[in-house]
Structure formats: structure tokens, C-alpha cells
Amino acid sequence: MIIFCPNMDEPYRDQQMKEMDKTFRAILERRRSIRRYLPEQVPDEVIKRCIEAAILAPSSSNLQLWEYYHVKSPAKKEALVKACMSQPAAKTAPNLIVVVTRHDYWKQRCDANLDFARKVAWEEPDDKPIRASTYFTKTIPTLYFDFLGIFGFFKMIFSFFVGLRRPMFREVRAGQVLTMSHKSVGLGAVTLMYALGAEGYDSCPMEGMDSRRIRKLLDLPKGAKINMVISCGKRADGGVYGPRFRLPVKDVFFEV
Ligand SMILES: Cc1cc2nc3c(=O)[nH]c(=O)nc-3n(C[C@H](O)[C@H](O)[C@H](O)COP(=O)(O)O)c2cc1C
């Protein structure tokens, strides 16, 4: 086990960092999208630990607009497999987790951040909680609130004109703000998959699914959006469909 301690001796710390990097890279290399699983279930406690890891992912404004549904009821699981177009990554999977973007929870999550900032105010009496308060009572509501796209339209005009003179946030329309929420939830999803990998389990992210049926299956309101479904378990022979294809770094990384 690697225990990182910032006060440890420098050479020892370097050695620890190298080991951490090796472990991290092994986890990255190990993860492949698995389309055929063994029947063995992922134990509940493993799933719980992986969710605890997933919620450590960063999120925009720390709103944490994510929810994870481990579908355990056999009837619901069968319906979920169907909603995932009965694709092999879902059909053969012992466990299925639905990753949900709770875009509709932005107000509650602002309040949770505010409560936290107020609690911190007792311990750190500087202006941080006041700044957090303005941020979560004015800035974020201005960005997230919309009605039939009308406010979004005016926000876009406003941001265009202000943007002529100074850098200005541009993604202000309802669809763009929803994309922002999905981005953060995707970071949680990938963290979950790497956490499963670190526990020796495999996974496959799926967006080939009927989000509407899944939302109904989970009894979720319209404001909740299905981000993706993650199947997990242990890979079976032939579970990896082919060698990994990645574009060369020179095609995707630029120094400017
Ligand atoms: C957002 C997202 C959605 C995906 N949807 C599906 C899917 O519906 N079915 C599937 O078999 N694989 C799906 N994949 C897996 C990709 O096909 C896979 O990540 C890609 O081919 C690279 O292979 P690797 O994951 O083994 O490195 C999805 C991946 C991502 C990130």
C-alpha cells in the first residue's frame, strides 16, 4: 500500500511518487471497455467503495450534480438491459450502474455549498464564506436559472455585448449549462470506472441506450438526465473486442 505523507524525507517521497505513478498507469492501462463478462457479481462493498471514490471527482462549482443507481432488482435490471438495446456489454454484465445528471438539483446543491461555507465560517473567519455566499446566491442562480429558454436568450445577448470589451463566460443558454453539468458528471463516471479497475473489476460505459425509458424505470423526473450506464463485473474471455486504438499524441497534443 502506498501512503503519501508530505513531511517524509525527500528521496523516500520521490520513491513513493514513482510507485504511485506506476500504480496509476497500471490502472489506466488495465481499463478496457468490456463487452462480455463472467457471471460473478461485484460485491456491494466494492461498489460502495468505488462510489465513494467517484464522488471525489471534481465538479463545476462543486455542485456535484450526480447520482448513481445500482440496479439490483432482477425485473428492473432486465428492463434496463432492454433499454440499453440489449447490447452485449449490458446483457452479459452482472452489475449495472446508471449515472444520472441531476441538473434539476442545482438549487439544492447551491444550498448545500452555502451551508458548508457557513460552517467553515466558524473555523476560518475571513471573507471566504461571504464570497461563497455571493457566488451561490447570485452567480450560480443567474447562470442556471432559465424559463423556456427566454432568460438564456437574454443572457446570451448580454454575454455577447459584455464579451466585446472583456473576457466573458459564453455558455449561458439552457442547453450549454446542461452540457456543463454532464461534463462534470462524466468525470465522476470515469473516476468510478478507474476505481473499479483498481479493485480488479472491469467496466463499460454506455450511451447507446434509451434515456427516456431508463428515466421512467428509475422513477426520475424530467429534469434528471441519464448521463450513461456503466456495466461492471469481471471480464470473460473475448470480453475485449480488439487491440486498443488511440491516435498518436502528436495528433491531439499541441504546444502553442
Ligand atoms: C460516453 C461513452 C459512451 C460509450 N457508449 C458505448 C456503448 O453504448 N456501447 C459500447 O459497447 N461501448 C461504448 N463506449 C465505449 C467506447 O466504444 C470505448 O471506450 C472506445 O472504443 C475505446 O475503447 P477502450 O474503452 O477499450 O479503450 C462508450 C464510451 C464512452 C466514453
Side-chain angles (χ1 to χ4, degrees), residues 23-39 42 50-51 53-60 64-71 76-103 171 175-218 220 224-253:
T23 311
F24 177 63
R25 276 167 194 278
I27 294 167
L28 293 179
E29 295 285 347
R30 186 189 182 286
R31 191 210 58 80
R32 291 298 314 276
S33 292
I34 299 304
R35 274 73 180 229
R36 203 174 302 151
Y37 293 92
L38 297 172
V42 184
C50 294
I51 298 292
I55 65 169
L56 295 180
S59 65
S60 182
Q64 305 166 53
L65 295 171
W66 45 50
E67 272 179 352
Y68 298 90
Y69 290 81
H70 181 202
V71 177
K76 282 202 158 101
K77 187 166 174 272
E78 199 186 320
L80 181 57
V81 169
K82 276 196 194 136
C84 291
M85 322 292 182
S86 299
Q87 53 174 303
K91 209 158 63 177
T92 68
N95 302 77
L96 291 171
I97 298 172
V98 184
V99 184
V100 179
T101 302
R102 290 311 302 252
H103 191 65
E171 285 71 30
Q176 295 170 316
V177 183
L178 175 61
T179 304
M180 257 167 56
S181 299
H182 275 310
K183 262 195 261 179
S184 295
V185 176
L187 299 181
V190 78
T191 308
L192 172 60
M193 288 188 280
Y194 286 126
L196 284 161
E199 296 260 6
Y201 290 92
D202 298 294
S203 59
C204 185
M206 287 175 281
E207 60 186 355
M209 40 89 182
D210 183 331
S211 57
R212 202 170 172 184
R213 281 197 159 78
I214 299 178
R215 205 182 59 221
K216 282 199 178 143
L217 181 82
L218 298 178
L220 290 168
K225 309 289 178 193
I226 307 302
N227 183 275
M228 66 176 85
V229 179
I230 295 179
S231 60
C232 48
K234 288 215 156 149
R235 65 182 79 182
D237 285 346
V240 178
Y241 275 3
R244 174 122 70 183
F245 164 64
R246 286 296 186 270
L247 296 164
V249 171
K250 71 172 175 50
D251 288 0
V252 296
F253 174 65

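Every number for a ligand or one of its atoms is a count from 1 in the order of the listing.
- Side chains of Arg36 and Pro88 form no contact here, defined as non-hydrogen atoms less than 4.5 Å apart.
- Using a 4.5 Å cut-off on side-chain heavy atoms (C-beta onward), Lys225 and Ser211 make no contact.
- No side-chain heavy atom of Met206 sits less than 4.5 Å from a side-chain heavy atom of Met85.
- Under the 4.5 Å side-chain criterion, counting only non-hydrogen atoms from C-beta, Pro94 is not in contact with Tyr201.
- Note on Asp202 versus Arg30: salt bridge recorded, some NZ/NE/NH1/NH2 to OD/OE distance being below 4.0 Å.
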Evaluation steps, side-chain contact (heavy atoms from CB on, under 4.5 Å), between Ser184 and Leu65: CA-CA 8 Å; Ser184 295; Leu65 295 171; over 6 Å; no

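- Residues with a heavy atom under 4.0 Å from ligand 1: Arg31, Arg32, Ser33, Arg35, Gln87, Cys204, Pro205, Met206, Glu207, Gly208, Arg244, Arg246.
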